[in-house]
Undergrad: 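Before anything else, here's the structure in question.
First listed ligand is number 1; within each ligand, the first listed atom is number 1.
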Amino acid sequence: MTSESAAAAPQATVHGYPRQGQNRELKKAIEGYWKGRVTAGALRATAGELRRANWRQLADAGIHEVPTGDFSYYDHVLDTTVMVGAIPERHRAAFEADALDGYFAMARGTQDVAPLEMTKWFDTNYHYLVPELAPGTAFTADSAKQVAELKEASAQGLTARPVLVGPVTYLLLAKPAPGVADGFEPLSLLDRLLPVYAEVLADLRAAGAAWVQLDEPALAADRTPAELAAAARAYQVLGGAADRPKLLVASYFDRLGEALPVLAKAPVEGLALDFTGRAAANLEALAAAGGLPGKRLVAGVVDGRNIWINDLEKSLTTLGTLLGLADRVDVAPSCSLLHVPLDTSAERAIDPQLLRWLAFARQKTAETVTLARALAHGTDAIAAELAANRADLASRATSPLTRDPAVRARAAAVTEADARRSAPYAERAAAQRAALGLPLLPTTTIGSFPQTTALRTARADLRAGRIGTAAYEERVEAEIRDVLAFQEEAGLDVLVHGEPERNDMVQYFAEQLTGYLATDHGWVQSYGTRYVRPPILAGDISRPEPMTVRWTRYAQSLTARPVKGMLTGPVTMLAWSFVRDDQPLAETARQVALALRDEVADLEAGGAAVIQVDEPALRETLPLRAADRPAYLAWATEAFRLATSGVAAATQIHTHMCYAEFGDIVGAIDDLDADVISLEAARSHMQVARELASHGYPREAGPGVYDIHSPRVPGVEEAAALLRAGLAAIPAERLWVNPDCGLKTRDWPETRASLVNLVAAARAVRAGLPGRGA
Ligand code: GLN
Ligand code: ZN
């Protein structure tokens with residue numbers, strides 16, 4: 001360490017940076033490589049240029065230690081799997097033949113070999129590849145990527161801090177490999193994994209790393225005493241290694257709770273803690289625990305996962321308290337900036353005044369540096385920044401966009417009764433049965449039909465001005481005619497218009513609601529080369545005019561069968577957006593719910609007898625810690641009911657969720673009080689039907705009998721068998737027949753064949769039922 005004295009002054013750092021490049025160059029290079037248009041050498045060159053540009057940008061902004069190793073061709077958890085040599089058996093040969101192709105095979109699968117499972121990275125919208133471990137997994141250290149990136153940054157003359165997924169989080173995120181007997185816990189491999197981490201750390205030390213960061217976000221969720229003991233042992237062992245760099249253990253996304261004293265006592269030189277949002281409780285806990293004497297604290301005071309400017313004064317207050325609690329305090333965003341877009345200055349369509357409220361990765365980096373400067377040199381050193389920040393915060397707080405008196409008055413006047421259907425379920429069910437006249441085991445779909453190239457072209461033509469609105473709408477109507485004709489011919493009972501007008505189930509509504517902003521370049525990585533551009537829920541939400549009614553009405557005009565109105569629910573509208581942080585989420589959800597309630601009313605007035613409000617995000621937004629869940633579920637379910645309770649008893653409300661494991665929220669699903677719920681179930685052989693039944697779920701349900709995540713066409717007998725499994729749990733009077741999810745990612749041929757089989761299966765099973773089968 002050459003900089004021990006300089007190190008005493010507070011500095012700015014970041015845990016990670018967006019990987020894609022200003023114009024998503026990385027996506028283009030990787031996809032080009034997959035298609036054989038870009039060589040491996042060219043891909044590596046592009047990746048290196050992007051890394052170096054990022055580090056240069058960070059260093060020029062005043063970041064003292066740049067992160068390395070956070071770059072990835074696909075996912076940093078997959079990189080960790082490579083680093084510890086945990087390549088699944090089925091990918092080993094390919095990986096040994098060609099490490100890059102083997103890497104992508106693990107991420108995406110090949111014709112013959114299944115990829116690793118993918119799931120959400122904590123409660124963000126980033127997805128990681130789940131490590132697959134077995135009792136016999138032999139770890140081996142492969143520090144090549146980490147060492148190479150460290151050297152690459154050092155060669156630029158920069159001080160670099162390699163960032164690794166920590167061993168405890170790695171094991172807690174892993175799952176047993178296919179075929180491993182029940183009861184195996186990946187965490188039981190800790191003692192075998194630690195020597196491998198120690199080896200990587202030694203390699204990084206030898207390559208010149210003074211500090212290495214180990215990310216342990218899993219410790220910010222609820223953990224058992226055994227898991228906490230494993231964390232203590234892990235850092236006892238790694239801290240005790242002879243030849244190692246200084247260790248900075250990072251946690252983020254929530255408060256550390258009982259893991260805080262564990263890490264504070266560990267023989268490591270520093271902790272990086274999140275002090276934003278729910279994790280703000282770390283401040284008091286740290287003070288109560290006596291601080292971190294002798295340690296370095298990297299204080300995450302700039303929220304790394306939202307896009308709002310920091311309240312610099314508030315952060316300085318937090319930092320002021322922290323200064324007394326550790327030997328050295330540095331400033332950082334709360335987590336990697338991977339979760340926010342790159343740079344607001346690329347946005348041309350957002351009003352410049354409003355743009356000043358937003359901070360993407362580049363702006364957050366600047367805020368971090370500004371705060372560190374204030375810590376080092378006093379607030380006078382940042383007087384200009386403080387004044388500008390104060391003005392921007394004031395402009396946001398007083399803007400008509402964030403304060404719409406009509407919206408606020410309406411939200412304030414909401415009563416308990418507004419979020420309750422006027423009639424009890426039994427009465428509704430009878431009225432709906434009379435109004436709809438459906439057979440037993442009614443068939444339906446989840447909403448979307450294949451998004452054809454013709455549709456995408458039409459949307460692109462409209463955006464580019466090559467066709468006008470009238471021509472575009474004519475193409476959408478033509479699509480609706482096709483979708484309706486097919487459903488009638490296939491014999492489905494409750495039809496949909498197919499959602500051809502929607503680019504995305506959240507964006508479509510965000511574009512039509514006042515209070516939302518759209519970005520042109522606000523891309524964030526969802527997984528691999530898939531990037532999304534979440535809308536920004538910036539202000540009070542209102543609905544200037546109906547958003548979906550004309551399409552549903554048009555579809556209904558083409559058929560005598562009921563057509564479902566189709567909306568995205570309030571929780572999902574929040575979950576897949578960047579949401580304002582200046583009021584409680586419950587408040588924001590209520591505003592969205594009221595706008596949707598008006599849409600529901602307009603759909604009903606327009607003749608829709610069935611209206612579906614999708615809430616696929618209900619579960620993924622569940623807070624990491626159980627203590628926070630009841631409050632979340634209370635506002636989330638209330639918002640759904642507020643959106644859907646204004647209708648007559650005879651109007652049937654559906655909802656949809658796309659996951660098979662919802663044991664922990666089955667009570668909340670019941671609280672939605674939807675008349676019908678459709679859920680993913682095909683792969684789990686109708687497990688959800690049994691779970692609903694054992695909970696005593698009283699209303700109608702459609703556990704999916706057609707797995708839409710694959711182009712495979714389910715046979716009639718296969719769908720019928722699933723249906724019979726469903727019937728074993730849910731009586732025929734309350735069981736629906738539908739696919740697992742929407743069909744927008746499927747092609748027409750398999751969609752047609754699958755739905756024809758689904759209807760045939762329903763008919764076959766109905767025929768064997770006593771009662772009013774068709
Ligand atoms: N109605 C939507 C569709 O069918 C639902 C999608 C979803 O649940 N993710 O596409
Ligand atoms: Zn779904």
Side-chain angles (χ1 to χ4, degrees), residues 118-120 125 127 443-452 455-456 476 479-480 483-484 486-487 492 494-510 526-527 530 532 534 547-548 551-552 555 563-577 596 599-600 603 608 610-621 640 643-644 652-662 665 669 672 674 676-684 688 701-710 736-748 750-751 754-755 758:
M118 190 166 70
T119 193
K120 290 219 167 206
N125 287 328
H127 301 73
T443 54
T444 191
T445 59
I446 306 304
S448 58
F449 266 72
Q451 285 266 337
T452 57
L455 273 173
R456 290 207 190 89
V476 170
E479 193 72 25
I480 292 177
V483 168
L484 266 289
F486 165 71
Q487 293 174 92
L492 286 147
V494 173
L495 312 191
V496 297
H497 77 289
E499 306 179 20
E501 77 288 10
R502 302 186 192 174
N503 34 10
D504 172 279
M505 66 185 286
V506 168
Q507 198 186 331
Y508 178 76
F509 293 95
S526 172
Y527 63 87
R530 189 173 152 77
V532 293
M547 304 180 283
T548 64
W551 304 116
T552 310
V563 174
K564 269 196 276 194
M566 197 58 63
L567 305 173
T568 301
V571 180
T572 303
M573 288 300 298
L574 265 58
W576 296 350
S577 305
L596 290 168
E599 187 72 12
V600 168
L603 281 167
V610 183
I611 299 166
Q612 178 172 311
V613 179
D614 294 324
E615 281 294 21
L618 183 69
R619 184 172 188 264
E620 70 191 37
T621 317
F640 179 89
T644 54
Q652 190 168 63
I653 296 292
H654 287 220
T655 189
H656 166 70
M657 294 169 194
C658 7
Y659 30 81
E661 290 153 24
F662 61 85
I665 59 159
I669 287 178
L672 297 178
V676 182
I677 181 168
S678 59
L679 290 145
E680 178 176 315
R683 282 196 191 178
S684 66
V688 290
V705 296
Y706 160 22
D707 172 14
I708 60 88
H709 298 103
S710 117
W736 284 66
V737 187
N738 46 257
D740 272 348
C741 192
L743 300 160
K744 63 173 166 251
T745 57
R746 297 269 58 92
D747 284 330
W748 264 110
E750 76 241 22
T751 295
S754 301
L755 291 178
L758 179 144

Undergrad: What distance do Leu679 atom CG and Asp740 atom CG have between them, rounded to the nearest 0.5 Å?
TA: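 These two atoms lie 9.0 Å from each other.
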Undergrad: Is a donor on one side and an acceptor on the other found under 3.5 Å between the side chain of His656 and the backbone of Ser678?
TA: yes
Undergrad: Is any N or O atom of Ser448, backbone or side chain, closer than 3.5 Å to an N or O atom of ligand 1?
TA: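 So ligand 1 has an N or O lying under 3.5 Å from an N or O of Ser448.
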Undergrad: With backbone taken as N, CA, C and O and side chain as the heavy atoms from C-beta onward, which portion of Met657 lies under 4.0 Å from ligand 1: side chain, backbone, both, or neither?
TA: neither
Undergrad: Just to verify, which of Thr621, Thr655, Ile677, Thr568 counts as forming a side-chain contact (heavy atoms from CB on, under 4.5 Å) with Glu615?
TA: Thr655
Undergrad: Are the side chain of Glu501 and the backbone of Thr548 linked by a donor-acceptor contact shorter than 3.5 Å?
TA: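 No.
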Undergrad: Please write down residue, atom name and distance for the protein heavy atom closest to atom 5 (C) of ligand 1.
TA: Asp614 OD2, 3.3 Å
Undergrad: For the backbone of Asn503 and the side chain of Gln451, can you confirm whether one donor and one acceptor N or O come within less than 3.5 Å of each other?
TA: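 Absent.
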Undergrad: Look only at interatomic distance and state if Trp576 has a nitrogen or oxygen under 3.5 Å from any nitrogen or oxygen of ligand 1.
TA: no
Undergrad: Show the atoms of ligand 1 that are less than 4.0 angstrom away from any heavy atom in Ile446.
TA: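 Once the distances to Ile446 are compared, the set is 1 (N), 4 (O).
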Undergrad: Just which atoms of ligand 1 are under 4.0 Å from any heavy atom in Gly447?
TA: 4 (O)
Undergrad: Has Ser448 got a side-chain atom pairing as donor or acceptor with Leu743's backbone, closer than 3.5 angstrom?
TA: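 Judged by distance alone, yes, a pair lies under 3.5 Å.
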Undergrad: Could you tell me whether Cys658 approaches ligand 1 through its side chain, its backbone, both or neither, with non-hydrogen atoms closer than 4.0 Å?
TA: side chain
Undergrad: Say whether Pro616, considering both its backbone and side-chain N or O atoms, lies within less than 3.5 Å of an N or O atom on ligand 1.
TA: no
Undergrad: What protein heavy atom is closest to atom 6 (C) of ligand 1, reported as residue, atom name and distance in Å?
TA: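 Answer for atom 6 (C) of ligand 1: Met505 SD, 3.5 Å.
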Undergrad: Starting from atom 8 (O) of ligand 1, what is the nearest protein heavy atom, named by residue and atom, and what distance separates them?
TA: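 Looking only at protein heavy atoms, the one closest to atom 8 (O) of ligand 1 is His656 CD2, 2.9 Å.
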Undergrad: Taking only heavy atoms of Gly742, which atoms of ligand 1 are found under 4.0 Å from at least one of them?
TA: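 Answer, ordered by atom number: 3 (C), 4 (O), 10 (O).
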Undergrad: Would the distance check show the side chain of Gln487 and the main-chain N or O of Val496 forming a donor-acceptor pair, the cut-off being under 3.5 Å?
TA: yes
Undergrad: Any side-chain heavy atom of Val532 sitting closer than 4.5 Å to one from Trp576?
TA: no
Undergrad: Quick one: which ligand 1 atoms are inside 4.0 Å of a heavy atom on Lys744?
TA: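 Answer, ordered by atom number: 10 (O).
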Undergrad: Please note down the angle at the Zn ion (ligand 2) between NE2 of His656 and SG of Cys658, to the nearest 10°.
TA: 120°
Undergrad: For the backbone of Gly447 and the side chain of Lys744, can you confirm whether one donor and one acceptor N or O come within less than 3.5 Å of each other?
TA: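 Looks like no, no N/O pair under 3.5 Å.
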